[in-house]
Amino acid sequence: MNKEKITGSEALMLALKAEGVKTIFGYPGGSIMPVYDALYDYTRGEKKAFDHILVRHEQGATHAAEGFARVSGEVGVAIVTSGPGATNTLTGVADAMLDSTPIVVIAGQVPIGALGTDAFQEVDLVGVAQPISKWSYQIRHAGDIAWAVSRAFYIARSGRPGPVVLDFPKNAQTELVEFEPQQVDFIRSYVAYPKLNPDAVREAAELINSAKKPLALVGQGVELGHAQQELKDFLEKADIPAGRTMLGLSALPSNHPLNVGMLGMHGNYAVNLKEQECDVLIAIGMRFSDRVTGSLKTYAKQAKVIHLDIDKSEIDKNVKTTVAVVADCKESLPALTALINKNDHSAWRESFKALDEQERVKVIEPAIYPTEGPLLMGEVVNAVACQAPDDTVLVTDVGQNQLFATRYFKYHRQRSICTSGGLGTMGYGMPAAIGATFATDRTVCCFMGDGGFQMNIQELGTIMEQQAPVKMILMNNHYLGNVRQWQDMFWQRRKSFTKMMNPCYESIAQGYGIPYEAVTDRKSLAAAVEKMLATKGPYILECAIKEDDDVLPMTPPGMSVNDMMLEI
């Protein structure tokens, strides 16, 4: 007996429903209109399956999908139209690719009969997206929808996660099809979960057991692999101090005794210098970014390097590995823990404290507890961190606000940080925070500079409409602060086009109906933060920041980690 035929657009709804999708971020247009017509019925009434969040720009849709994915652990979904709608998503796709964030972008396209004719709003999306996505594919006929959607979600969420782009020509949206859900869980040419090599695990265990000064470098792979407890078991058994990458900050609680701080250009002093002293370096779910290693010519040359990663392409890409354990860390960490000895490295851990004290005195105390002068970014972050609930999600934009926020916030629970790491996308913060609020009922605090705030300022409309409870902390120094700092340090203080004339943010907040307060002195900071956190729904707290507030410590670009500076 033949099944009732439905349109390709409704088939897409059923395919998304089969994948467990409940939240969609999007923006309609001509070439995706049949899908939006079908979506009308699936967002209300008896067929209701989805909440659709109307963003104000397609880039906002992808960043919101990223924020949703990062906090929920599920695949974020964005639906947009063809041409500029599709190309507007590409920054978010590239961002998700570099930060291993699972999203699926579905974009309308002109009918296949019009492809190649330079039809209105035609763009070769598959060709453009291929180098910056995990998979891009054009659904040319309605009969391909079930397979393509299931395959897209499998690729996006499995192995090392990432973005998938589906190009959906209009003819496939309107064709009739007998829909039958499919479940793709195997692709012959795609090995999502490499088989664990027990010999590599034994070699790694031997190196760790013989180490006198082991150091673990913890990345976001631990969070993506849901291996936070496995990480703790491993570190605690062998008594190994652990530094965390920016994206891996919430993989290990801030107050864990083996946490020795943040890695990288603006990370903590001790852990960065100790990379140059350890005898065994254990990288777990991280990719040895240049912002972590500094100059590769001098990076950790004294150490035996063990690299645990699910993605074989990361092995030996930047840092030569002594032993590679290629597998999901959810599997590799317990296997390694079973073979390592119970150990005590207290003397090695104690050696971090003198360097920690130098940073505390020269950098941290002046940054978060100043007694005079204008407000500093560090003290604003600290004021929020001290009052925010322990399970708060930190979202940042990019720039000095990001570096101060990630340094001085506190992380108590997994999946507590959303920030743009690899691509460094200004404008990421506000839409990502919107997505985070739809992934959790936890408090979401979003730190932004005046530059990043204005990059996607239109998403205040989304916040207004949805009453998304984003606590926006705008740290306004009237500069593109990070570029200004580099100009001061490396370009003879020639501040070329980094000074910004800013609008009246109070008037903007008023226009969107969002509660607002400005803080210009530290006496009123704590009370303003308390009011923001107690207010239901969204809030903008604008803080007047010292114009030449600099982020320290800092490893100058291209220099060795040994050259990390505590003062300028």
Side-chain angles (χ1 to χ4, degrees), residues 7-13 15-16 21 23-44 50-66 68 76-96 103-129 132-133 136-142 144-145 148-149 152 163-175 427 431 434-435 455-462 464-466:
T7 66
S9 295
E10 185 166 4
L12 175 65
M13 299 298 107
L16 292 175
V21 174
T23 305
I24 296 168
F25 304 92
Y27 202 96
S31 289
I32 198 68
M33 207 171 290
V35 167
Y36 267 84
D37 186 66
L39 189 59
Y40 185 88
D41 291 330
Y42 281 84
T43 53
R44 67 202 71 214
F50 313 116
D51 290 316
H52 177 273
I53 314 306
L54 176 64
V55 297
R56 299 305 190 260
H57 189 280
E58 292 89 354
Q59 182 184 349
T62 51
H63 293 327
E66 286 186 275
F68 178 88
V77 178
I79 299 180
V80 301
T81 194
S82 64
T87 57
N88 282 344
T89 69
L90 294 175
T91 296
V93 171
D95 191 278
I103 65 171
V104 171
V105 175
I106 301 166
Q109 181 60 278
V110 301
I112 58 172
L115 289 173
T117 68
D118 290 335
F120 179 66
Q121 294 191 332
E122 178 193 354
V123 167
D124 179 9
L125 181 61
V126 171
V128 173
I132 57 170
S133 64
S136 61
Y137 180 76
Q138 188 173 78
I139 305 173
R140 296 174 68 87
H141 300 285
D144 297 333
I145 291 169
V149 170
V164 171
V165 175
L166 293 178
D167 194 37
F168 198 13
K170 204 168 184 178
N171 64 285
Q173 300 174 41
T174 56
E175 286 172 2
I434 293 169
M455 279 272 185
N456 271 315
I457 196 170
Q458 76 286 337
E459 296 309 324
L460 288 173
T462 308
M464 172 188 67
E465 183 173 349
Q466 301 295 333

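Just so you know, these numbers come straight off a predicted model, no measurement behind them.
Going from atom CE of Met33 over to atom CD of Gln173 covers 10.5 Å, rounded to the nearest 0.5 Å. Taken to the nearest 0.5 Å, the CG atom of Leu166 stands 8.5 Å off from the CG atom of Leu12. Taken to the nearest 0.5 Å, the CD1 atom of Ile53 stands 8.5 Å off from the CD atom of Glu465. Considering CD of Glu58 and OG1 of Thr91, their distance stands at 11.5 Å, rounded to 0.5 Å. Atoms CD1 and CD1, on Ile79 and Ile106 in that order, are 4.5 Å from each other to the nearest 0.5 Å.
Shown here for Leu90 and Ile132, the closest heavy-atom pair between the two residues is O-CD1, 3.7 Å. For the residue pair Thr62 and Gly92, the shortest heavy atom distance occurs at OG1-CA, 3.4 Å. In terms of heavy-atom proximity, Ser31 sits nearest to Ser82 at OG-OG, 3.1 Å. The minimum heavy-atom distance linking Ile112 with Asn171 is given by the pair N-OD1, 3.0 Å. Summarising the geometry of Gln59 relative to His57, their closest heavy-atom pair is N-ND1, 3.0 Å, with the distance given to 0.1 Å. Across every non-hydrogen atom of Gln466 and His52, the tightest pair is NE2-O, 4.4 Å.
With hydrogens and angles disregarded, a donor-acceptor distance shorter than 3.5 Å links the side chain of Gln109 to the backbone of Val123. Remark: side-chain polar atoms of Tyr137 are not paired, donor with acceptor, to backbone N or O of Val126 under 3.5 angstrom. Under the 3.5 Å distance criterion, the side-chain polar atoms of Gln458 are left unmatched by any main-chain donor or acceptor of Arg56. Judged purely by atom type and a 3.5 angstrom limit, Asn456 uses its side chain to pair as donor or acceptor with the backbone of Gly427.
Side chains of Leu54 and Tyr27 form a contact here, defined as non-hydrogen atoms less than 4.5 Å apart. At a threshold of 4.5 Å between non-hydrogen side-chain atoms, the residues Met13 and Leu39 count as touching. Annotation: side chain of Tyr42 is in contact with side chain of Glu10 (closest heavy-atom distance under 4.5 Å). You'll find the side chain of Val80 stays beyond 4.5 Å of the side chain of Ile32, heavy atoms only. At a threshold of 4.5 Å between non-hydrogen side-chain atoms, the residues Met464 and Leu460 do not count as touching. Looking only at side-chain heavy atoms (C-beta outward), Phe168 and Ile145 come within less than 4.5 Å of each other. Put simply, the side chain of Val110 does not reach to within 4.5 Å of the side chain of Gln121, judged on heavy atoms. No side-chain heavy atom of Pro28 sits less than 4.5 Å from a side-chain heavy atom of Val35.
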*Please test Asp95 against Val93 for side chain to side chain contact (heavy atoms under 4.5 Å, CB included), starting from the C-alpha separation and ending with a verdict.*
CA-CA 5 Å; Asp95 191 278; Val93 171; over 6 Å; no
*I would like to know whether Leu115 and Glu122 meet side chain to side chain contact (heavy atoms under 4.5 Å, CB included); could you show each step before the answer?*
CA-CA 7 Å; Leu115 289 173; Glu122 178 193 354; 4.0 Å; yes
